[in-house]
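Written out below as structure tokens is the structure these notes cover.
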4 protein chains.
Amino acid sequence: MTIRVGVIGTGMIGADHVTRLTTQVVGAAVTAVFDVATERAQQVATTANATARPSWEALVGADDVDAVVIASPGPLHPDQAIACIGAGKPVLCEKPLAATSSEALRVLAAEVAAGRRSVQLGFMRRYDAGYLDVKAAMADGTIGEPLLAHAIHRNATVPDFFRGEMSLTDSLVHEFDIFRWLFDAEVAAVTVLPVKASPLAAEGMRDPQVAILQMAGGEVVTVESFVNCQYGYDVRCEIVGSLGTVSLDNPRTTVVIAGGRRSENVPADWQSRFAPAYTRELQGWIDGLAAGVVGGPSTWDGYAATAIAEAAVTSYAKGERVAVRLVDKPALYTD
Amino acid sequence: MTIRVGVIGTGMIGADHVTRLTTQVVGAAVTAVFDVATERAQQVATTANATARPSWEALVGADDVDAVVIASPGPLHPDQAIACIGAGKPVLCEKPLAATSSEALRVLAAEVAAGRRSVQLGFMRRYDAGYLDVKAAMADGTIGEPLLAHAIHRNATVPDFFRGEMSLTDSLVHEFDIFRWLFDAEVAAVTVLPVKASPLAAEGMRDPQVAILQMAGGEVVTVESFVNCQYGYDVRCEIVGSLGTVSLDNPRTTVVIAGGRRSENVPADWQSRFAPAYTRELQGWIDGLAAGVVGGPSTWDGYAATAIAEAAVTSYAKGERVAVRLVDKPALYTD
Amino acid sequence: MTIRVGVIGTGMIGADHVTRLTTQVVGAAVTAVFDVATERAQQVATTANATARPSWEALVGADDVDAVVIASPGPLHPDQAIACIGAGKPVLCEKPLAATSSEALRVLAAEVAAGRRSVQLGFMRRYDAGYLDVKAAMADGTIGEPLLAHAIHRNATVPDFFRGEMSLTDSLVHEFDIFRWLFDAEVAAVTVLPVKASPLAAEGMRDPQVAILQMAGGEVVTVESFVNCQYGYDVRCEIVGSLGTVSLDNPRTTVVIAGGRRSENVPADWQSRFAPAYTRELQGWIDGLAAGVVGGPSTWDGYAATAIAEAAVTSYAKGERVAVRLVDKPALYTD
Amino acid sequence: MTIRVGVIGTGMIGADHVTRLTTQVVGAAVTAVFDVATERAQQVATTANATARPSWEALVGADDVDAVVIASPGPLHPDQAIACIGAGKPVLCEKPLAATSSEALRVLAAEVAAGRRSVQLGFMRRYDAGYLDVKAAMADGTIGEPLLAHAIHRNATVPDFFRGEMSLTDSLVHEFDIFRWLFDAEVAAVTVLPVKASPLAAEGMRDPQVAILQMAGGEVVTVESFVNCQYGYDVRCEIVGSLGTVSLDNPRTTVVIAGGRRSENVPADWQSRFAPAYTRELQGWIDGLAAGVVGGPSTWDGYAATAIAEAAVTSYAKGERVAVRLVDKPALYTD
């Protein structure tokens, strides 16, 4: 059985998903795409033997679309996800779920009303071999009881339109999700600290930044965000337990010795660093759909991450600790 | 277009191939399997929605088989490969190509007579991200002119039937191929050195061993084989050039600090170490077939590796350097 | 010329200094020791061919004592240091300079009144090869402009009398000094965050803790203190600059592969980790005295570290950011 | 008690010894130096408050010289060492003990006739923290029974007068000694293999080279020598045992991340790599003399290393395995 997928949005991440679904994922075929940039949509459609559709609503409603990938701009996600829920079609929705937590709650309400999960959030890190090994070490007693974590999230550079808050909503949102998942706990409060700005950051941009997450169980996570670090894409963390620590490290294949240095490569960008995770995410989604199951990060996870990002933006503006307030968790999202 | 694959041999590696072709390779379907162990063949067939065939000859001749994977015992490979060549069906043949170089030459002759490549050898290391990075560093000037290499090949343990020569024909054959590929040169001579035996090796078995490869261009490779090293599966090498070195290292995802040690995992076995390489090998084979191309390691590569292994066994017995004599290379295998 | 040294305090660190001065430092001889534990003092004196003196005042005033090492309990340091200043004898004073910043200011005032430096503080990390390499990398442009740092300070275990504040005053005081030195800047404010306590920490003890230092220039330092980490003594840091980072790592001599892990040793305790730094500190002090110079960390550095520790204790109690207020820096301590 | 030392030879290594003995070694004073380059000798003498002597014989016989360091050209070592033995003065003799094994045997005979050890050979690696840790891991069961070793010995560049055999007699002699010491066994045979020459090696020079050592107990050591590796000074080894391996690694203090690479420094030269080992060697020698003991690597060790180097030069010329023949070991050198 082949799952026929429609992809909304054919920008960089959407086009990547089309390519992956076509050439690397077993059991899937892209049949439909949509983008307001119609020429681009047509090009991407051609590479996959799919057809471009006149609107995202048409794509969602099409008979030859069994499931939908949402890779459009973030503010459009809620309406599109709610339409898919209404049409009874499973969705892989790129992060963020919504631009605001209240918008996210609209999706949550629709899914709860439908009575079953349709939406998987695109938090692909949960499919990375490294994070899975970290989580395994936290669970199997290797490091004792987890108490504390330190994380860094660095990008070589960011586009000109990137403003300071986007470090929180676009980059750190991945950290917000992953530590919720690793500690299996909500974030209770977040504090964003001002740091001396890099002379290479855009005028007026606060970069790097340090955020402190306080988990509901008392664990603390320090997270550095640095989106103009120049040297590469570097995402690492160390979880500190009562008996030891486990650290996520960058993948390594080779070591070069030359010119007085012994060195390993640092990933150039998130595409290369997390390529296998994206493939596993999509394959897992398709395998689940073939078995009639929607799993992975949920609408609740998307809502929580959005709420934390919202609190982080407030903390960024006010310079103080901000509590994260969540609605009660619907039974649909508890095991 | 889906390539319909028949798999001869449903032992461990054959069954692995069936699983990979079914669940991880895009554009392929396993339609037929054969094994003298008919019950096992039937089980494996069921997992892939394929059918077990009464003989390997029937499988090769079947209309619903476009291409064949040979994963039977080594001595059967030549007849099976020759039959596939005769039937005009592309073959992925597990190593070794043959038990002896004269048997290997039979396959070579058949393929040359047919006038085009049908056979790809199962030297999956050439698809490993690490070896590809090593080869890239050798080519791009990072280490200057490659002169020398050091390699280790260690297995935690081997089955009881493993005798000393099998370290050369079963384990080191991978090293023989990979250094031919990395240096893009034939092996001119091989010397196998006796080393003090591990007390944990089977009675009378020489383990570890050291082999010295002299490449046709004068480069030298020292290779350690140790098939009872106890601690894990450890395959590494360092290529020494005139300006620096590049080393293949084990993949790493995490680092654990506990009990006074900071440590990384060593792979447990070749299945986990080279799983991604096997998948890339099969996907590349299928993608090539879809495009009408047979590439990858050739019958010539299989013949050369067999000839080196043969020389190594002679050196093992005599305790001296043994030259590797190859027939002239047919034009089919030169670019 | 041999510098004749008197050592006040023959506990662990004092006895270590006596041994080092006697067996590893060129140009020094220990002639006198004092401790209220007279038997212990006598034993230590014997190992160095020195004599135990009846009081620390007698030691400071003795004709055969050219210079003094103060290794007594912290609250006694100010009086003893002031006595040395009065006697015109150079002092190596173990940290802390004083138990409170007002006490530290008494020493500062005495030294300023004397018009020249007599006191070097025992911040031995400044003599560690690793920290020196970190500072060099911060200065030579390797990492661009330093902006941020992350540090960890972990001890395997602490004695029973250790309370939570002592993590700040006894362990983190080293961090307070070293980041002032690395960034060549004062600490403007400190925040101590509560973290979920290790189940292996003593009843009521907050361990681990996270402190945030804000430097006068806007740089931020996150420091973890964990004095019951169980696995070893682990002091590391990463300085993040606008172009790259430099990290202090633990010394490494060998790598062991066994039992499925590839591992390095973590230091067992600070004595082994910083042994070479202690020797360089003492040799540098003696070499300076032979040349008529008192250098190294100053009374001002000791005062500043004490003031930061005081602010940290306040932050620990109140749970909020506390500014560090220093008196004006006397000209004696500016270059 | 201060040991008064005379140093013969004030070239690079001799001058280094003078400096170390003067500024880093407790209990020693350099009172006399000699070199045929009298001006240089005078300069070095001045730095140590020593006096230059008119001949090495005068230095050996001087009343104010308790012990002698021989750092003259290798061929002069035997006569000078024998003179010291005759004068009853302990000697630290730089390697090699002699240019030929028959010359080395002259020293051996003189020392045996004297009935007690006077000579310590300058194999400073035995005092390196890394090699000591390797030896400890070989002894304590960590790696099971040692069976095999791999070693590399690389220099960035060598002076113009360096010929191919000097890689064996000057660089690899350290390897010959260290593996005798690590395995506590003699070398039974050595084979030197030709390797493709680096285009950066001097005309006609064979560089790199690979030597195979077969130990008397059956263990095998593969040793690479590469004296024009360009990138730095790199001495490492891995000892392979029946349960695991232990590797000597380069010292590390810091890790730099910049420009897409995460890197450690490689030592620039042997002076920086082995500086602490030289100091420990000298301090241990002086401490031994103060206690009336001569220990460390012996004349026997110097003779054995010379005999292996001699066999290696023969193997280099003939291209075949050459057995190492030693005289019977005098009782003076057995424990």
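Here is the naming used below: chain letters follow the sequence lines, and residue numbers restart at 1 for every chain. Scope of the values below: all heavy atoms of this structure, side chains included, with no hydrogens, waters or symmetry mates.
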Apply salt bridge (charged side-chain N to carboxylate O under 4.0 Å, His left out) to residues D/R236 and B/E238 and explain how you reach the verdict.
CA-CA 13 Å; D/R236 286 179 283 134; B/E238 180 178 32; 3.7 Å; yes

So B/L148 and D/F226, side-chain contact (heavy atoms from CB on, under 4.5 Å) or not? Walk me through it.
CA-CA 10 Å; B/L148 179 61; D/F226 191 6; 5.9 Å; no

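Only the side chain of B/V210 has a heavy atom closer than 4.5 Å to any heavy atom of chain D. Only the side chain of D/R154 comes within contact range of chain B, judged by heavy atoms closer than 4.5 Å. Within the 4.5 angstrom heavy-atom criterion, only backbone atoms of B/N228 (N, CA, C, O) approach chain D. Looking at B/A156, neither its backbone nor its side chain comes within 4.5 Å of chain D, counting heavy atoms on both sides.
Between chain B and the residues D/P146, D/G244, D/S242, D/S198, the largest count of heavy-atom pairs under 4.5 Å involves D/S242. Interface remark: of the candidates B/V266, B/T191, B/I152, B/V240, B/V240 forms the most heavy-atom pairs closer than 4.5 Å to chain D.
Under the side chain to side chain contact (heavy atoms under 4.5 Å, CB included) test applied with D/K196, the options B/Q214, B/E219, B/M215 reduce to a single match, B/E219.
By the neighbour-count criterion of 12 heavy atoms within 6.0 Å, atom NZ of B/K329 is densely surrounded, having more than that number from other residues, nucleotides or ligands. Applying the 6.0 Å contact sphere to CG of D/D269 captures more than 12 heavy atoms from other residues, nucleotides or ligands.
Using a 4.5 Å heavy-atom cutoff, the side chains of D/T222 and B/E224 are not in contact. For the pair B/L243/D/Y231, no side-chain contact is recorded, criterion being any heavy-atom separation below 4.5 Å from C-beta on.
Interatomic distance, SG of D/C229 versus CG of B/L147, reported as 11.0 Å (0.5 Å rounding).
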